[in-house]
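Whatever order the structure lists them in is the order used to number ligands and atoms, beginning at 1. Each residue takes its place number in the sequence, starting with 1.
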Amino acid sequence: MRKHKTLGEFIIENQAAFKYSSGELSKLINAIRLAAKVVNHEVNKAGLVDIIGASGDTNIQGEDQQKLDVMANEKFIQTLTNREIVCGIASEEEDDFIAINSLDKKHQNKYVVLIDPLDGSSNIDVNVSVGTIFSIYRRVTPIGTPVTLEDFLQPGRNQVAAGYVIYGTSTMLVYTTGHGVNGFTLNPAIGTFYLSHPNMRYPDTGKIYSVNEGNYTHFPQGVKDYIKYCQEEEGDRPYTSRYIGSLVSDFHRNMIKGGIYIYPKSNKTENGKLRLLYECNPMAYIAEQANGKASDGFRPILDIQPTELHQRTPFFCGSKKMVEKAEGFMLKSPS
Ligand SMILES: O=P(O)(O)OC[C@H]1O[C@](O)(COP(=O)(O)O)[C@@H](O)[C@@H]1O
Ligand SMILES: [Mg+2]
Ligand SMILES: [Mg+2]
C-alpha cells in the first residue's frame with residue numbers, strides 16, 4: 001500500500017471493498033473528516049479564545065460539560081446534519097438521540113452515528129491530548145420511517161465502521177470499516193489527512209498497563225491481583241504504568257507499543273465509567289480489527305446487547321495476551 005496516500009484517495013479506493021457500497025458510507029467518513037478538521041482548529045487555539053473551562057451546563061450523566069465538549073458536539077452534529085447522510089445521531093452530550101429528517105422527509109438515509117465529541121475532557125485545560133470517538137451502524141428499522149431507539153441499541157458486532165480522532169502532538173484520524181485499521185495524519189499546512197499508519201496492529205503482548213490506580217482500593221480483587229502481577233519483578237515484568245486519562249490517547253499508545261487499558265467497575269462505580277455505545281463499542285471494534293481484544297472482564301464488549309443510550313460498562317482492552325491474563329485474574333476473583 002503506497003504510503004502518504006490522502007484519506008480522500010483511500011476512501012474512494014476502499015469503497016469497493018465495502019459490501020453495501022453505495023458511496024453513502026464514504027460520504028459519511030468524509031463528513032467526519034471535515035468536522036474533525038473544524039474541531040482540531042478550535043482545540044489547537046483553545047488557550048487563546050474563550051473556549052476553556054466549564055460551560056455551566058451538565059450532561060445527562062451529571063458531568064459538567066466543558067465548553068469544548070459543547071463546541072465539538074455542535075460541530076459534529078451540524079456537519080453530519082448538513083450533509084444529509086445520516087438518519088440519526090446519538091452523542092454523549094445529548095440526553096436523547098436526534099432523528100435527522102432528510103429534506104425530502106422520506107427518511108432515505110440508512111446510517112446512524114454515535115459520538116463522543118470530546119474524549120478526555122479532564123485534560124482539555126491542561127494541554128494534554130484529547131480526542132473524538134465515533135461509531136456507525138446501518139439502521140435496523142425500515143428505510144422511509146423515522147429512526148427509533150432500536151437503531152442505536154445494537155450490539156457492537158453490527159458496527160459498519162468505527163474510529164477516533166486524536167488531537168495530540170499531531171492530529172490523527174484512525175478508523176476501520178471491518179477491513180483492518182488505518183491511521184491518517186493531518187498535514188496542518190494544507191489541511192489534508194495522509195495515510196501515515198497503514199494496517200495498524202496491536203503486538204500480541206506488551207509492557208504497558210493503563211489504569212487509574214488512584215481508585216485501587218475500590219477495585220475488584222481480580223484487578224488488584226492483575227496490577228500486582230504487572231508490578232512483580234519476574235520475567236519481562238515489572239511493566240510500565242502509563243495513564244493519560246484520555247481513553248483515545250491511552251488506547252492509541254497501547255495499540256502502537258503493546259499494552260492494556262483497564263477501567264473496571266469499582267465499589268464507587270457499579271458498571272465502571274466508560275459508556276458502552278460511543279466509547280467502548282467503537283474502541284473494541286478497532287481493537288479486534290487490529291489483532292487486540294476488548295471485554296468487560298468476562299465477555300467480549302461487542303457481544304453485549306445494549307439496553308440504554310448512555311449505559312456504562314467495565315472495560316479491559318489491549319494486546320490479546322495481556323487482556324486474557326487480566327480476565328484470568330477476574331475469573332478467579334470477580335469482586
Ligand atoms: O479521571 P478518570 O476517572 O480516570 O477517567 C478518565 C477516563 O474518563 C474519560 O475522560 C471519559 O471520557 P469523556 O472525557 O468523554 O467523558 C476517558 O477519556 C478517560 O479514559
Ligand atoms: Mg469519552
Ligand atoms: Mg466526551
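In the vicinity of Leu247, heavy-atom distances shorter than 4.0 Å reach the ligand 1 atoms 17 (C), 18 (O), 19 (C), 20 (O). Less than 4.0 angstrom separates some heavy atom of Ser246 from each of these atoms of ligand 1: 18 (O), 20 (O).
Protein heavy atom at the shortest distance from atom 3 (O) of ligand 1 is Tyr263 OH, 2.6 Å. In terms of protein heavy-atom proximity, atom 19 (C) of ligand 1 is closest to Gly245 O, 3.3 Å.
Aromatic pair Phe184/His197: centroids not less than 6.0 angstrom apart.
Taking 4.5 Å as the limit, every side-chain heavy atom of Glu63 sits out of range of all side-chain heavy atoms of Ser121. Counting only heavy atoms from C-beta outward, the side chains of Met283 and Leu247 approach each other to under 4.5 Å.
Residue-level proximity to ligand 1 for Tyr261 is carried by the side chain, the only part with a heavy atom below 4.0 angstrom.
Not a single heavy atom of Ser122 sits closer than 4.0 Å to an atom of ligand 1.
Protein atoms that are N, O or S and lie under 2.8 Å from the Mg ion (ligand 3) are these: Glu92 OE1, Asp116 OD1, Leu118 O.
By the salt bridge (Lys or Arg N to Asp or Glu O under 4.0 Å) test, Asp69 is found to be paired with no residue, residues two or more places apart in sequence or in another chain being considered.
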Please output the side-chain donor-acceptor pairs of residues 308-318 that fall under 3.5 Å, not counting sequence neighbours, one pair per line with the distance.
from, atom 1, to, atom 2, distance (Å)
His310, ND1, Gln61, NE2, 3.4
His310, ND1, Tyr278, OH, 2.7
His310, NE2, Glu94, O, 3.0
His310, NE2, Asp95, O, 3.0
Gln311, OE1, Thr307, N, 2.5
Gln311, OE1, Thr307, OG1, 3.1
Gln311, OE1, Glu308, N, 2.8
Arg312, NH1, Lys273, O, 2.7

Contacts table for residues 325-335: side-chain donor-acceptor under 3.5 angstrom, sequence neighbours left out:
from, atom 1, to, atom 2, distance (Å)
Glu327, OE1, Lys293, NZ, 3.0
Glu327, OE2, Lys293, NZ, 3.2
Glu327, OE2, Ser295, OG, 2.6

Practice task
Decide yes or no on ring pair (Phe, Tyr, Trp, His ring centres under 6.0 Å) for Tyr239 and Tyr209, but give the supporting numbers first.
Solution key: CA-CA 7 Å; Tyr239 298 153; Tyr209 68 102; 7.1 Å; no

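Ring orientation note: the planes of Phe219 and Tyr216 are nearly perpendicular, at an angle over 60° on the 30°/60° scale.
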